[in-house]
Amino acid sequence: MIGIRAISTYIPDEFIDNVAQGRSFGEHQDFIMNKIGSVRLPLKHHSQDTSDLAVKAVDLLRTQHNLSLEQIELIVVVTQNPDGSGLPHTSAVVQSKLEISNSIAAFDISLGCSGYVYGLSVAKGLMQEAGYKNAVLITCDPYSKIIDRHDRVTSLLFGDAATATWLGESPEWIIGSPMLDTDGSGWKSLYVAQNGKLQMNGREIFNFAAVQVPLHINRYLNERRIDPKEVDLFCLHQGSAAIIDAISRRYPDLRERFLKDTTFTGNTVSSSIPILLDKHVMKSDFKRVLLVGFGVGLSWATNLIERKI
Amino acid sequence: MMLDQETLNEIINNIGLPVNSDGIDYTKSFSEVGLDSLDFFSLLSELEERFGITFSEDQYQSLNNLNDVILMVNSQGCD
């Protein structure tokens, strides 16, 4: 059985003081702390590329969880901000930098905030098909590459980070069947414009998250006949504190089960869910955790992971 | 169902927006009554959900105060 064995997180040491940045845009400290939810936004060094952050995360997986490079048969990188212009795929660059043997599959997945939920199932499916025993799913989408620091809408939200998830046999966590939705008509809500900078319609993204995500959660649980109270923890993509509040408000009896932790990371795109899992779930006593990713595309994805008994 | 000030007050209280709904001046701007941009987004998404309506980008841009919000919701043919 293929599932999650371990997760490691790499967060760059450098960061933007988001309270100071907010002040420069005329925003009060309370807005930054309570609505955006992030006092720091980690920032990669200008000399680091996406693959460098990815390699850092894999190195941590090796040292923290005793994964050996010889074991890895598959590398998947979830990113929409790859090395260079995306050709070649960043996963190949990662394989080269790690000096892993050529007997390895490697590819990228072009998805944003729903990417980790997708990536778990894509990697698991290929591993089962190809008979792989160990794979590493990497998330690394440094939005600092595409942020216009004069743009108040996007500057206050995003932080750089990378995660590496070890997928393999004898897992700690079993991956369920995903529910995956797309609404491409909303692509202009969040996209990179011709000037190479991120453009976001904040209201459209907020509204999409506040309305569609609870519907998606409900449909996922209903179709699988799972009572929401049977979910120990709701691990949602950390778009902003206000978005998590807007979604969790739909579940008044379960609000305390919705994780909200962006204080020192910001919105790290596809890394936000595995960062939460690494920090709050892997060593916990939780048994059932719902993962919900949503964002650019528009794309949204839900899956349940369960601790292996 | 029409949206009136009483219902709007109830919604504002339910979603915990940082304004005193007893003393709101519905003609003042959103920032003047204490709503920031994300509070405003929260309010509109709640109204869309509750009344089954959608605010277009043009409609959203034309909203200046809570009276505008009431008029806009009621103009969308809620029954």
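Only this structure's heavy atoms are used, side chains among them; waters, hydrogens and symmetry mates stay out. All of these numbers come straight from a predicted model, not from anything done at the bench. Numbered from 1 within each chain, the chains take letters A, B, ... in sequence-line order.
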Is the shortest side-chain heavy-atom distance between B:L38 and A:F31 below 4.5 Å? yes
Side chain from CB out, backbone as N, CA, C, O: work out which of these in B:F40 comes under 4.5 Å of a heavy atom of chain A, or both, or neither. neither
List, with distances to 0.1 Å, the donor-acceptor pairs found between chain A and chain B - the cut-off being under 3.5 Å and no angle criterion applied.
{"residue": "A:K35", "atom": "NZ", "partner": "B:D36", "partner atom": "OD2", "Å": "2.7"}
{"residue": "A:K35", "atom": "NZ", "partner": "B:D39", "partner atom": "OD1", "Å": "2.7"}
{"residue": "A:K35", "atom": "NZ", "partner": "B:D39", "partner atom": "OD2", "Å": "3.1"}
{"residue": "A:R152", "atom": "NH2", "partner": "B:S37", "partner atom": "OG", "Å": "3.3"}
{"residue": "A:N201", "atom": "ND2", "partner": "B:E57", "partner atom": "OE1", "Å": "3.2"}
{"residue": "A:R203", "atom": "NH2", "partner": "B:F55", "partner atom": "O", "Å": "2.8"}
{"residue": "A:N207", "atom": "ND2", "partner": "B:E48", "partner atom": "OE1", "Å": "2.5"}
{"residue": "A:R249", "atom": "NH1", "partner": "B:I15", "partner atom": "O", "Å": "3.4"}
{"residue": "A:R250", "atom": "NH1", "partner": "B:E46", "partner atom": "OE1", "Å": "3.3"}

Can you list the residues that meet the side-chain contact (heavy atoms from CB on, under 4.5 Å) rule with A:V281, with sequence neighbours excluded? A:W173, A:L233, A:L277, A:S284, A:V289
Taken in chain and number order and not counting sequence neighbours, the residues that satisfy salt bridge (charged side-chain N to carboxylate O under 4.0 Å, His left out) with A:R149 are none
Pairing residues for B:L71 by the side-chain contact (heavy atoms from CB on, under 4.5 Å) criterion, not counting sequence neighbours: none
